[in-house]
Protein chains: 2
Amino acid sequence: MIGQDPAPELPVAAHADRGRPALPAPRPDRHERARHAQAQALLEDYTELIDDLIAATGEARITDIAAHLGVTHPTATKAVARLRREGLAQSRPYRGVFLTDSGQRMAARARARHRTVVDVLVALGVPVEAAESDAEGIEHHVSDSTLAAFARFLDRRG
Amino acid sequence: MIGQDPAPELPVAAHADRGRPALPAPRPDRHERARHAQAQALLEDYTELIDDLIAATGEARITDIAAHLGVTHPTATKAVARLRREGLAQSRPYRGVFLTDSGQRMAARARARHRTVVDVLVALGVPVEAAESDAEGIEHHVSDSTLAAFARFLDRRG
DNA sequence: ACACGAGTGTAGCCAAGGCTACATTTCACG
DNA sequence: CGTGAAATGTAGCCTTGGCTACACTCGTGT
Ligand SMILES: [Mn+2]
Ligand SMILES: [Mn+2]
Ligand SMILES: [Mn+2]
Ligand SMILES: [Mn+2]
């Protein structure tokens, strides 16, 4: 037994109404979707950045990738290994990183979605700096359905 | 110019223009902020849910928490241990979980922000189901500045 | 030519957040 | 009361994504 002293602080759950529906309803699926989206986030950011770097400078070096993402180079190396494992990138030692077709498609979608999210935020009155910053996290949780609604909204309001 | 051999697949980064500014500019801070927000996400979801459970049923049991979040009970137990470590919750074995003042403040802010995010999405034309689902991830990346803009937007369009 | 510094690779550590399997405690009910 | 099923705790495993420290390569500049 635990010890039910003249209670110093900590309350004890009342085991009150145990057989009731608890809350409106458990929605574990929503949290599961959010966790899945988060697992994709890293891949999306890397592919988008690698594509940007190649477009801007002709190459994507580990050091540059790391610098842009604010991580150390071994972290970037490990992430690139995961990109390769998932068939999104190719690379050879000391030779830079390249995207596969699949990786380029992911990059293209990520970039478009990123831009749409920023545009929507700005249209709603969010300061540009905050919009750019928040979008970096928000984008990964915007479903196709939501993205479509965003596009319609931007279109509608010119 | 890139590697101009009879290319057997893998290209080689050209070490072309090394002394250039690479991209518009590295913005590692944005990704760092997104990572920090993500680290807070779990705490926010747990405090919000615990507060909901207590409000609805008078108690927050590990099993119910786990069920609502779609994880197994040892996972929830571990998370509650972290909540305790961070001063957000209190608990005793077999006795349910309670929020500290700090935890309740986090829960209140999380709930309000969650609602605002859903409302904005719906106002933009996102189907309610998608809005609820996406909001579960998006909410954690909405800064105070963005939240304020959201509130103004909802207010304005009454 | 070649040396040296910048870039990259690799080893190994850590914490978070999942999981399964098993031990223990409660409490509702016969 | 006593007891067994449900709830909870605990141990230990895994992967991801950070990090530091150190080893190795490359190519630039003298
Ligand atoms: Mn991002
Ligand atoms: Mn992005
Ligand atoms: Mn959430
Ligand atoms: Mn929420």
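Per chain, numbering begins at 1; letters A, B, ... match sequence-line order.
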**Study point:** Residue whose closest nucleotide on DNA chain D lies nearer the 5' end, B:Ile62 versus A:Gln38
**Key:**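 It is B:Ile62 whose nearest nucleotide is closer to the 5' end.
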So which protein nitrogen or oxygen atoms get under 3.5 Å of nucleotides 18-21 of chain D's nitrogens or oxygens?
from, atom 1, to, atom 2, distance (Å)
D:dG18, O6, A:Lys78, NZ, 2.5
D:dC19, OP2, A:Thr72, N, 2.8
D:dC19, OP2, A:Thr72, OG1, 2.9
D:dC19, OP2, A:Thr75, OG1, 3.0

Which heavy atom of [X] sits nearest to which heavy atom of [Y], and what is that distance?
| X | Y | value |
| --- | --- | --- |
| B:Leu88 | B:Ser102 | CD2-OG, 3.3 Å |
| B:Arg113 | B:Val142 | CD-O, 3.9 Å |
| A:Glu139 | A:Glu136 | OE2-OE2, 2.7 Å |
| A:Tyr46 | A:Ala76 | OH-CA, 3.6 Å |
| A:Ala89 | A:Val97 | CB-CG1, 4.0 Å |

Practice item. Would you please confirm or rule out a distance under 4.0 Å between OP1 or OP2 of D:dT8 and any side-chain N or O of B:Thr63? Key: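 Checking D:dT8 against B:Thr63, a side-chain N or O does come within under 4.0 Å of OP1 or OP2.
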Practice item. Verify the contact: side-chain N or O of B:Thr77 to OP1 or OP2 of D:dT8, cut-off strictly under 4.0 Å; return yes or no. Key: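 Checking B:Thr77 against D:dT8: no side-chain N or O falls below 4.0 Å of OP1 or OP2.
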Between atom [atom1] in [X] and atom [atom2] in [N], what is the gap in whole Å?
| X | N | atom1 | atom2 | value |
| --- | --- | --- | --- | --- |
| B:Ile65 | C:dG17 | CD1 | C1' | 16 Å |
| B:His36 | C:dA16 | NE2 | C1' | 14 Å |
| B:Gln40 | C:dG17 | CD | P | 10 Å |

Point to revise | Backbone N/O of A:Ala151 and side chain of A:Thr116: donor-acceptor pair under 3.5 Å | key: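 Checked: no pair found.
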Check your understanding: Nearest nucleotide by nearest heavy atom, which residue falls closer to the 5' end of DNA chain C, B:Arg85 or A:Pro93?
Key ->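 Looking at the nearest nucleotide for each, A:Pro93 comes out on the 5' side.
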**Study point:** is_close_aromatic(A:His141, B:His141), centroid dist under 6.0 Å
**Key:**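 So the answer is yes for these two rings.
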Check your understanding: Looking at the side chain of B:Arg95, which of C:dC27, D:dC26, D:dA7 is the nearest nucleotide?
Key ->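 Output: C:dC27.
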Exercise for review: Take B:Glu132 and A:Arg27 through the salt bridge (charged side-chain N to carboxylate O under 4.0 Å, His left out) test and state the conclusion after the steps.
Suggested key: CA-CA 10 Å; B:Glu132 293 282 1; A:Arg27 295 254 174 256; over 6 Å; no
Do any N or O atoms of the protein come closer than 3.5 Å to N or O atoms of nucleotides 3-6 of chain C, and which pairs are they?
none

